[in-house]
There are 2 protein chains.
Amino acid sequence: MEGKPGLRERKKQRTYAAISDAAITLFLEHGFNQVSVAQVAEAAEVSKRTLFAYFPTKEDLVVHRLADHETEAARVVRARAAGTAPLTALREHFLDGLRERDPITGLNDHPQVRRLHRMILDAPSLVARMERFKAGAEHALARALEETAGVPELTARLAAAQIVAVQWALAQDNAERLAHGESADGRHEGAVADAEHAFALLEYGLRGFAG
Amino acid sequence: MEGKPGLRERKKQRTYAAISDAAITLFLEHGFNQVSVAQVAEAAEVSKRTLFAYFPTKEDLVVHRLADHETEAARVVRARAAGTAPLTALREHFLDGLRERDPITGLNDHPQVRRLHRMILDAPSLVARMERFKAGAEHALARALEETAGVPELTARLAAAQIVAVQWALAQDNAERLAHGESADGRHEGAVADAEHAFALLEYGLRGFAG
DNA sequence: GAGTAAATGTATACCAGGTGCAGAAATCAT
DNA sequence: ATGATTTCTGCACCTGGTATACATTTACTC
């Protein structure tokens with residue numbers, strides 16, 4: 001098994017890429033809501049019906065590019081070195097992401113990335129789709145915690161919910177600042193400090209709050 | 001000002017209620033996706049255009065009933081007694097909700113409530129709408145924390161994200177158990193214990209995790 | 001109480017996302 | 001090459017949501 005791809009398979013991949021590329025190009029140029037799926041299909045030289053065979057919804061034309069990230073936190077937890085706490089592994093991974101300007105951390109100011117971010121925020125249906133994405137990440141992380149940290153199901157779910165929420169908030173904050181004109185390099189130091197602060201809150205709790 | 005409602009106002013309220021009632025009735029009977037807005041409009045003896053004047057989307061026909069809860073956490077924080085920590089006020093409020101079987105805690109097993117819950121979970125667009133609702137609650141809570149707890153903006157947002165995520169997870173867990181046949185009364189004790197556990201995690205952090 | 005401006009409701013036509021179906025076309029195995 | 005199978009296509013259709021243009025109701029004024 002796993003010999004050569006075969007013509008049919010290769011063609012499918014090319015079609016997939018053609019549709020995705022046409023979609024991203026058109027969406028970035030004119031805005032998500034301003035471009036119809038029919039136009040995308042035409043630009044990709046494919047029928048509307050075929051487009052929907054590859055991408056179940058219009059939103060997936062954009063979001064499929066993040067699909068890998070949905071299980072990223074879960075993978076990090078599962079792959080952590082023995083003796084490392086899940087939270088430690090996740091913090092290190094997030095800091096790595098900041099260092100590498102991984103778009104998922106919100107700390108990437110390449111024009112393409114920023115325009116994509118803008119596009120998503122301007123389209124409510126895309127924002128909603130991202131929320132679903134977040135829920136998926138939460139679920140995957142909960143399972144990873146439950147299975148590798150020997151913690152009860154509810155605890156795993158509570159922890160996963162908190163962790164994903166925090167990572168998301170950090171990324172949003174970074175992206176917001178870059179949208180306001182800060183550069184990724186200039187923001188890096190602050191982003192690291194904020195991330196450390198956020199993970200400290202997760203580790204040590206919120207009881208420092210003013211009464 | 002604030003004299004009598006006036007005929008126009010009363011009529012609007014009656015129309016609003018008629019549409020909402022027709023919608024809930026039909027949705028509960030046949031399922032959200034199986035009923036078109038045109039059918040709802042007809043049952044409420046109103047034109048489709050008028051329906052959309054009262055409810056911006058089909059999903060709002062269901063979700064508007066929860067609108068008050070969106071700012072509930074924020075209100076609790078703002079209304080807390082002097083010297084009380086936000087988290088303490090929120091915990092007490094949540095425990096009150098469990099005691100009163102407030103549907104928002106997931107601990108209400110009245111058939112109507114359970115059917116409504118089932119209906120929402122079965123309709124992806126409604127689930128998505130609930131996520132947006134959650135995001136709204138998060139935002140409102142963040143502002144309340146920032147303005148009344150004298151805490152920096154990012155910290156407020158991080159805390160709000162964690163708190164809302166945890167409350168949501170608790171409610172989901174309760175509702176799930178009731179859906180599997182447990183009674184609200186029978187579940188109450190466990191629900192309280194779980195809530196205490198969850199709020200303890202928030203207060204004291206996740207560092208108890210296995211390494 | 002009649003007349004009028006503003007608000008509200010309606011009918012109709014329309015757009016876009018998404019699905020079902022029947023058949024054409026391409027790919028694959030022999 | 002041929003037959004079976006997968007994929008693609010064109011078309012009709014449904015539904016949520018909006019624009020327009022017109023009718024009706026309510027509230028206010030004299």
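Just so we're on the same page: letters track the sequence lines, and every chain starts at 1.
Between the side chain of A/Arg132 and the main chain of A/Arg129, no donor-acceptor pair closer than 3.5 Å is present. Of the possible donor and acceptor atoms, one in the side chain of A/Ser36 sits under 3.5 Å from a partner among the backbone N and O of A/Gln39.
Note: CD (B/Gln34) to P (D/dG16) measures 11 Å, nearest angstrom. Taking atom CG of B/Leu26 as the reference point, atom C1' of D/dT15 lies 16 Å away to the nearest angstrom. One atom, CG of A/Asn33, and another, P of C/dA16, lie 12 Å apart when rounded to the nearest Å. Atom C1' of nucleotide C/dA11 and atom CZ of B/Phe52 are separated by 16 Å, given to the nearest angstrom. If you take NZ of B/Lys58 and C1' of C/dA16, they are 16 Å apart, rounded to a whole angstrom. In this structure, A/Arg14 places its CZ atom 13 Å from C1' of C/dT27, rounding to the nearest Å. Atom-to-atom, CD of A/Glu45 to C1' of D/dT9 comes out at 14 Å; the value is rounded to the nearest Å. Remark: C1' of C/dG17 and CZ of A/Arg49 are 12 Å apart, rounded to the nearest angstrom.
At the heavy-atom level, A/Tyr54 lies under 4.0 Å from the strands shown only through sugar-phosphate atoms. Looking at heavy-atom distances under 4.0 Å, A/Ser36 makes contact with sugar-phosphate atoms alone, never a base. Among the protein residues, B/Val40 comes within range of no part of the nucleic acid, since none of its heavy atoms lies under 4.0 Å from any strand. A/Lys48 comes within 4.0 angstrom of a nucleotide base, judged by non-hydrogen atoms across all strands.
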message = I'd like to know whether B/Phe27 forms a side chain to side chain contact (heavy atoms under 4.5 Å, CB included) with B/Gln34, so could you lay out the CA-CA distance, the side-chain angles of the two residues, the decisive distance to 0.1 Å, and finally the verdict.
response = CA-CA 8 Å; B/Phe27 290 158; B/Gln34 278 61 56; over 6 Å; no

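In the set D/dG16, C/dT8, D/dC8, C/dT8 carries the atom at the smallest distance from any side-chain atom of B/Lys12. For A/Arg8, counting side-chain heavy atoms from C-beta on, the closest listed nucleotide (C/dG18, D/dT6, C/dT10) is D/dT6. Between D/dT9, C/dA11, D/dT25, one nucleotide has an atom nearer to the side chain of B/Ser47 than all others, and that is C/dA11.
No side-chain heavy atom of A/Ile120 sits under 4.5 Å from any side-chain heavy atom of A/Phe32.
Using a 30° and 60° split on the angle between ring planes, A/Tyr16 and A/His64 fall in the perpendicular class, above 60°.
Considering only side-chain N and O atoms, A/Lys11 lies under 4.0 angstrom from the phosphate OP1 or OP2 of C/dT27.
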